[in-house]
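Working notes, beginning with the structure itself.
The structure displayed is predicted, hence computed values, not measured ones. Note on naming: letters A, B, ... go to the chains in the order of the sequence lines (proteins, then strands), and numbering restarts at 1 for each one.
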Amino acid sequence: MLTTRRCACLQRFATAKRCQLWRVLRYQSTVPSPTSTIPPALLGRAQALAAEHAELSKQLNSEYDTRIAKKAGSLSAVVTALNGWELTSNSLPELQQLIKDPSTDPELRSLAEEELQSTTEKLSSLSSDLQKSLIPEHPFAQMQCLIEIRPGAGGDEAGIFAGNLLQMYQGYCRRQGLRVNILKFDATKTQGLENSIQEAVLEIETPGAYDMLRCEAGVHRVQRVPATEVKGRTHTSAVSVLVLPNFPSQGEDELGESNFEDPSNDYYVDPTDVRTDVMRAKGAGGQHVNTTDSAVRLTHLPTNTVVAIQDSRSQQQNRAKAWQILRAKLAQARRDAREEEMAQLRLSIVGVSKMGRGDKVRTYNWGQQRVTDHRSGITLHHLDDILEGGESLDKVMASVREWLKMQDLQLLVADEEAARAKADI
Amino acid sequence: MPRLPTSIILRARALHPLLPLLLRPCRDLSSARNELRWLREHAIANREVTLTSSGSIKTSWPQHLYQMCRSRARGKPLQYILGSQPFGELEILCRRGVLIPRPETENITTHLASLLLSPPSRPQHPLRILDLCTGTGCIPLLLHSLLAPRTPSLHLHGVDISPAALTLAAKNLSHNITKSQLRANAREQISFTHGDIFAAGAKPWCESKWDILISNPPYISPSSFNATTSRSVRNYEPKSALVPSSADPIAGNPESYADTGDRFYPRLLDLAERVSARVLLVEVADMEQAVRVGEMVVEKGRGVWDGCEIWRDWPAAGAEEGGEVVEVKGGDVRVRGEGNGRAVLAWKGEDGGRMVGKKKASASG
Ligand SMILES: C[S@@+](CC[C@H](N)C(=O)[O-])C[C@H]1O[C@@H](n2cnc3c(N)ncnc32)[C@H](O)[C@@H]1O
């Protein structure tokens with residue numbers, strides 16, 4: 001409130017001095033122009049969207065249409081952010097002139113200096129709001145998700161670390177109030193009676209979980225002295241974490257009540273592309289044998305994606321689980337393929353690359369009780385709290401989400417520039 | 001049975017002290033690990049916690065687990081130890097003296113239900129299905145669980161010669177209603193009666209009309225019983241459920257069925273005619289038996305059956321067009337799916353053909 005009032009009175013002073021301002025403007029080359037805090041490409045995009053919003057609003061005034069209303073609604077955040085940013089940034093040059101003008105009286109100058117500082121701060125947060133409003137929502141953002149955890153090289157040690165990560169995510173979900181189930185748990189006990197995991201899949205049933213957890217995808221690395229290591233040497237092993245979009249369905253059903261019948265949908269899987277193998281021992285079968293062979297393996301032939309489930313004695317349940325995981329995998333793969341294509345395009349135009357799925361994203365170092373995320377660069381020393389899925393993990397994840405946003409922004413700028421370059425040709 | 005390689009036994013022992021016991025009946029490590037997990041879950045879920053006189057807690061589940069693994073090592077079927085077998089979405093209770101339901105039966109029953117429900121054939125009038133040799137009752141129960149949600153009126157009836165099987169079938173009906181795996185109307189729509197399918201004379205179930213006759217009869221020939229069945233089947237499951245008894249009268253030509261497991265099929269075909277069934281589905285042991293049953297169907301002539309086909313273990317799998325055929329009595333019979341030969345389907349009239357998804361009634365023979 002106070003700021004607004006001060007602003008208003010400043011404005012009065014400023015108007016009085018307008019003729020002087022123009023004169024001084026020519027000497028202001030060292031002060032960064034306020035627009036430089038937001039890439040011109042993005043500003044252009046924001047303005048184009050605002051113009052589109054205005055056009056849609058006009059249409060709505062003459063005739064209401066839910067589809068147009070929805071579209072306009074989705075743009076309103078950009079419009080609000082742009083207005084706020086423009087208003088503030090427009091007040092900046094006048095302040096700068098006042099300060100530089102030798103004839104400004106000292107009282108007004110100190111007021112202007114103070115004002116300049118707070119406005120600049122405000123502007124930087126407004127500009128980041130504006131930029132973020134331009135990032136399109138991730139298409140899977142509202143989804144539930146699956147987390148698949150698999151050890152990489154490193155034998156039992158990697159398997160044990162996979163178990164640590166599984167517990168970390170279970171703890172995190174419990175604390176965040178997310179509903180979580182274990183969909184697949186394939187583990188053996190080691191000599192030291194710890195679980196060594198070959199593969200685990202968690203299902204997080206809360207909508208929006210995909211957006212919360214997608215920052216966890218990638219290779220997680222552990223550095224510690226394994227329990228089995230006699231010479232006390234530190235080993236490094238790795239576990240890969242996949243985060244997949246999940247659909248609240250009961251999987252495939254031979255009676256044909258699938259909800260995924262739209263072929264344009266990422267989750268659509270043509271049943272004729274999937275081979276089902278029931279892993280039954282070769283032989284007569286039927287009344288001749290009575291072993292419980294309920295394992296089900298699905299192979300998506302076009303992509304050779306294989307999902308095998310043998311957790312339950314019920315072949316029907318195993319099949320449903322296998323379909324659920326297969327759908328999630330294929331949807332993610334399709335999305336990755338599209339992203340890859342986009343990335344190639346960008347690379348060829350502006351040279352922005354993105355961290356691939358195979359890159360290591362985080363290191364957990366036992367000796368130093370430290371966790372470093374290689375994307376955001378954050379390092380925390382609360383290893384235990386992180387492994388329990390505690391608040392320190394929130395901090396790490398928040399920093400990665402912020403990093404992801406910056407990546408998205410960079411891509412957005414690149415896309416805009418590419419589009420402009422194309423338009424210029 | 002060949003000896004297991006020592007290396008596997010050693011690996012099993014390294015993983016868990018009880019695994020070598022389970023390796024004996026399972027023969028491979030991954031099934032043994034699955035069984036250990038299920039047995040362990042069962043032991044923990046059913047544990048009895050008692051307080052000793054000194055007030056300390058005594059839980060017996062590890063001992064229970066150990067005993068179960070010992071029984072399993074001797075060949076006792078897992079389903080008798082745990083007391084049940086999943087079948088579709090149902091849990092079928094299993095007791096010694098009654099045959100354990102097989103996954104192949106689950107597959108063909110599910111496939112039949114999916115045909116009955118697919119568009120051209122949706123039943124309008126009350127659908128009546130007769131299951132002969134019903135055992136645990138698994139077939140009518142699964143059909144009810146699959147069909148009832150989309151079939152306004154159903155009647156399913158199971159017949160078996162074994163009183164133990166009938167008691168268990170009735171239990172299975174209640175058990176699955178209690179567990180909400182079956183709708184409450186299953187109690188009125190499913191019934192079981194005692195009966196010998198070879199018995200002469202009128203029984204209520206063979207006096208009325210049925211749309212579909214389904215059966216998984218004993219089909220193993222006495223001479224191959226020892227060679228083809230696993231030790232666990234031989235030692236623990238009722239032979240009368242597996243091998244047609246020699247006392248059963250042989251319908252038709254005695255020579256051609258001698259010492260084969262085919263004895264039930266001519267009788268089932270006669271009964272199907274008698275109850276005016278328009279669809280017949282019988283389970284068989286293998287492709288040879290399927291072809292022999294196919295011959296019996298074709299011999300009945302056009303007036304009785306209009307078409308016939310053979311299903312493998314997974315009838316829904318594989319190519320829809322340009323499929324496999326097998327020659328039966330000079331004509332071609334369609335073979336569907338993948339796996340071993342597992343069932344023979346026959347239909348009568350346009351109506352019967354439509355029920356199982358045949359566009360028009362055409363004889364494949
Ligand atoms: C192979 S079992 C099938 C059981 C069950 N339908 C299933 O699929 O699991 C054959 C059943 O036929 C019964 N059975 C044997 N001879 C019979 C007869 N003459 N009349 C009626 N049932 C008979 C046995 O008691 C046994 O339950």
Region of B:Asp28 in contact with chain A, defined by heavy-atom distances below 4.5 Å: neither
Closest heavy-atom pair, A:Asp311 versus B:Arg37, reported as atoms and distance to 0.1 Å, is O-NH2, 2.8 Å
Any side-chain heavy atom of A:Arg313 sitting closer than 4.5 Å to one from B:Gln79? yes
Closest approach of A:Asn290 to B:Pro77 (non-hydrogen atoms, all atoms of both residues): ND2-CG, 3.4 Å
So, does A:Gln315 use its side chain to make a donor-acceptor pair with the main chain of B:Pro86 at under 3.5 Å? no
Between B:Asn216, B:Ile220, B:Leu99, which shows the greatest number of heavy-atom pairs under 4.5 Å with chain A? B:Ile220
Under 4.5 Å from any heavy atom of chain A - which part of B:Glu41: neither
Is it the backbone or the side chain of B:Arg33 that comes under 4.5 Å from a heavy atom of chain A, or both, or neither? side chain
Relative to chain A, which segment of B:Thr105 carries a heavy atom at a distance below 4.5 Å: side chain, backbone, both, or neither? neither
Among pairs that include at least one residue of residues 156-183 of chain A, which meet ring-ring contact (aromatic ring centres under 6.0 Å, His included), considering only residues two or more places apart or in two chains? A:Phe161-A:Tyr364
Hey, what do you get for OG1 (A:Thr292) to CG (B:Leu82), rounding to the nearest 0.5 Å? 8.0 Å
Below 4.5 Å from any heavy atom of chain A, which atoms of B:Ile100 appear? Answer side chain, backbone, both or neither. side chain
Do any pairs count as a salt bridge (charged side-chain N to carboxylate O under 4.0 Å, His left out) and have a residue in residues 76-93 of chain B, sequence neighbours left out, and if so which ones? B:Glu91-B:Lys179
With only heavy atoms counted, which part of B:Phe225 is less than 4.5 Å from chain A, the side chain, the backbone, both or neither? neither
Main-chain N/O of A:His288 paired to B:Arg102 side chain as donor or acceptor, under 3.5 Å: no
When the 4.5 angstrom heavy-atom criterion is applied to B:Pro218 and chain A, the contacting part is backbone
Check whether B:Asn340 gets within reach of chain A through its side chain, its backbone, both or neither, counting any heavy atom under 4.5 Å. side chain
Go through the atoms of A:Thr272 and report whether side chain, backbone, both or neither lie under 4.5 Å from a heavy atom of chain B. neither
Identify the heavy atoms of A:Gln310 and B:Ser30 that sit nearest to each other, and give their distance. OE1-OG, 3.9 Å
Among A:Ser314, A:Ser312, A:Gly286, which residue forms the greatest number of heavy-atom pairs with chain B at distances under 4.5 Å? A:Gly286
Leading residue by heavy atom contact count with chain A [cutoff under 4.5 Å; candidates B:Glu237, B:Glu283, B:Glu35]: B:Glu237
Would you say A:Arg175 has more than 12 foreign heavy atoms packed within less than 6.0 Å of its CZ? yes
